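In this text the structure is predicted, and so the values were computed from the model without any measurement.
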Amino acid sequence: MPGLPGGVGSGVGSMPGTDARDAAAIVHGELDFAHLVELPARGLGADMIGRMAAVLVDLPMDTATQGYRLSARPSRLTRRAADLLHEDLDMAEEIWETAGFVGSGKPFKVAVAGPFTLAASVELRTGHKVLRDRGAVRDLIASCAEGVRELAAEVTRRLGAQVIVQLDEPMIGSVIDGTVRPLTRFDVLDAIPVVEVAEALAQLIDVIGRRAVLHDCGTPRWDLLSRLPGVALSADVTAPSAADLDGIGELIDRGDTLLAGIVPAVGEDRHAHADTVAAALATLTDRIGLDRKVLAQNVIVTPTCGLAGASETWAKRALAICAQAGHLLGSDPDAL
């Protein structure tokens, strides 16, 4: 199975605004390693969790008072989420056809909500979070695996791309630690041991059959990543701790890829430039004690998180900086 590209820039997934064509044009225009856009500003069914209403297999979703819940049958939400997803896929396909990329095997990333963040966010029909019921969690993982496998296959059919799947798991640390906030004080949301989480993710990735990236906006869970060889990490590296430096070193030493979140996701930083970003990543590898050649082979430059909260102007510039910094890493990292 081909690995992830190195020495390039990419995005995390979400973009500002509501126009799928404009967002896709920016992503594909600025990045060599493009991704399927996610536009939460479009409302229900367009955010990270709502999009899964179009992805899950045999587990319909509907809206609930505090978000989303599983339902007995397909709902208006299901149809809306499917329509929005197909619109985004259509825009990507149109751009690839115009550019002559169809069938090229270029890498293309698809981001979806990971099963544990999904279980911590979505309610059962009984009104409790899915996470409360281990059987329901297993069903959700199986549904997610099959749905993402089908989505990746559709993207491959449409684009002829090398599809990489990103699992967005911002709540996975809370799931492992047992600190997910319940809907009521009567809920009992037990921690799920890291060994079980790792085993479930490994099985899910095996079903999907694609290279996978684990994205976490919070503190990386190195206890989890160490149990997932072959899985890349997407994380904020602007202020790494000593544990983060050790974890990044181990990740790259085993041959996996770091999607280094280093360009601000919000706020128009006038001091952010490709050369300073690339130099900061070179300094990071020096601190860890890695050969700088890994910057061209095992590092992808990204914003610190999704760009949904950014202005459209900054979103475009941030992705351009990521791409340009990636080129610098890939050309002559020793000169940085």
Engineer: Salt-bridge test for Glu87 and Arg42: reply yes if a basic N is under 4.0 Å from a carboxylate O, no otherwise.
Structural biologist: yes
Engineer: Take Val110 and Val155 through the side chain to side chain contact (heavy atoms under 4.5 Å, CB included) test and state the conclusion after the steps.
Structural biologist: CA-CA 9 Å; Val110 176; Val155 174; 4.0 Å; yes
Engineer: Please check: side-chain N/O of Thr257 versus main-chain N/O of Val299, any donor-acceptor pairing under 3.5 Å?
Structural biologist: no
Engineer: Is there side-chain contact between Leu4 and Ile300, with at least one heavy-atom pair below 4.5 Å?
Structural biologist: yes
Engineer: Applying salt bridge (Lys or Arg N to Asp or Glu O under 4.0 Å) to Asp83 and Arg76, what does each step give before you reach the verdict?
Structural biologist: CA-CA 11 Å; Asp83 288 345; Arg76 181 180 299 178; over 6 Å; no
Engineer: Is a salt bridge present between Arg21 and Glu94, judged by a nitrogen-to-oxygen distance below 4.0 Å?
Structural biologist: yes
Engineer: Would you call the rings of Phe108 and His28 parallel, tilted or perpendicular, where under 30° means parallel and over 60° means perpendicular?
Structural biologist: parallel
Engineer: Decide yes or no for Asp32 and Pro107: does some side-chain heavy atom of the first lie under 4.5 Å from some side-chain heavy atom of the second?
Structural biologist: no
Engineer: Would a single hydrophobic cluster contain both Val213 and Val8, if residues Ile, Leu, Val, Met, Phe, Trp and Tyr are joined by side-chain heavy-atom contacts under 4.5 Å?
Structural biologist: yes
Engineer: Would you say that Leu225 contacts Arg254 through its side chain, given a criterion of any heavy-atom pair below 4.5 Å between the two side chains?
Structural biologist: yes
Engineer: Taking atom types as modelled, find out whether Arg69 and Thr63 have a side-chain donor-acceptor pair closer than 3.5 angstrom.
Structural biologist: no
Engineer: Test Leu233 against Asp256 for side chain to side chain contact (heavy atoms under 4.5 Å, CB included), laying out the working first.
Structural biologist: CA-CA 8 Å; Leu233 172 68; Asp256 289 323; over 6 Å; no
Engineer: Please confirm whether the backbone N or O of Ser234 pairs with a side-chain atom of His215, one donor and one acceptor, at under 3.5 Å?
Structural biologist: yes
Engineer: Salt bridge check, Arg158 against Glu154: does any charged N sit closer than 4.0 Å to a carboxylate O?
Structural biologist: yes
Engineer: Can any side-chain N or O of Tyr68 pair as donor or acceptor with the backbone N or O of Leu44 at less than 3.5 Å?
Structural biologist: no
Engineer: Do the non-hydrogen side-chain atoms of Ile172 and Leu201 ever get within less than 4.5 Å of each other?
Structural biologist: yes
Engineer: When you check the gap from the basic side-chain N to the acidic O, do Asp22 and Lys316 get nearer than 4.0 Å?
Structural biologist: no
Engineer: Should we say atom CG of Asp58 is surrounded by more than 12 heavy atoms from elsewhere, each under 6.0 Å from it?
Structural biologist: no
Engineer: Taking atom types as modelled, find out whether Thr179 and Asp177 have a side-chain donor-acceptor pair closer than 3.5 angstrom.
Structural biologist: no
Engineer: Is a donor on one side and an acceptor on the other found under 3.5 Å between the side chain of Thr302 and the backbone of Val12?
Structural biologist: no
Engineer: If we ignore hydrogens and angles and just use 3.5 Å, is the side chain of Lys106 paired with the main-chain N or O of Ala34 as donor and acceptor?
Structural biologist: no
Engineer: Measuring from atom CD1 of Ile205 to atom CD of Gln203, what distance do you get when rounded to the nearest 0.5 angstrom?
Structural biologist: 10.5 Å
Engineer: Are Val27 and Met91 joined in one hydrophobic group, where the rule is that I, L, V, M, F, W and Y side chains link up if heavy atoms are under 4.5 Å apart?
Structural biologist: no
Engineer: With a 4.5 Å cut-off on side-chain heavy atoms, are Leu85 and Leu89 touching?
Structural biologist: yes
Engineer: Taking NZ, NE, NH1 and NH2 as the nitrogens, is one of them in Asp190 or Arg134 under 4.0 Å from a carboxylate oxygen of the other?
Structural biologist: no
Engineer: Using only atom types and a distance under 3.5 Å, with no angle test, would you say the side chain of Ser104 pairs donor to acceptor with the backbone of Phe101?
Structural biologist: yes
Engineer: Do Thr276 side-chain atoms and His273 backbone N/O form a donor-acceptor pair below 3.5 Å?
Structural biologist: yes
Engineer: Other residues, nucleotides and ligands only: do more than 12 of their heavy atoms fall within 6.0 Å of CZ on Arg287?
Structural biologist: no
Engineer: Quick one, Ile192 with Phe116, criterion side chain to side chain contact (heavy atoms under 4.5 Å, CB included). Give me CA distance, side-chain angles, the key distance, then yes/no.
Structural biologist: CA-CA 10 Å; Ile192 300 182; Phe116 289 99; 4.0 Å; yes
Engineer: Has the side chain of Arg317 got a donor or acceptor atom that lies under 3.5 Å from a matching backbone atom of Ala272?
Structural biologist: yes
Engineer: Looking only at side chains, do Ser241 and Asp244 share a donor and an acceptor under 3.5 Å apart?
Structural biologist: yes
Engineer: Where the side chain of Ser226 meets the backbone of Trp222, is there a donor-acceptor pair that is under 3.5 Å apart?
Structural biologist: yes
Engineer: Taking Val180's backbone N and O only, do any of them form a donor-acceptor pair with Ser174's side chain (distance below 3.5 Å, no angle check)?
Structural biologist: no
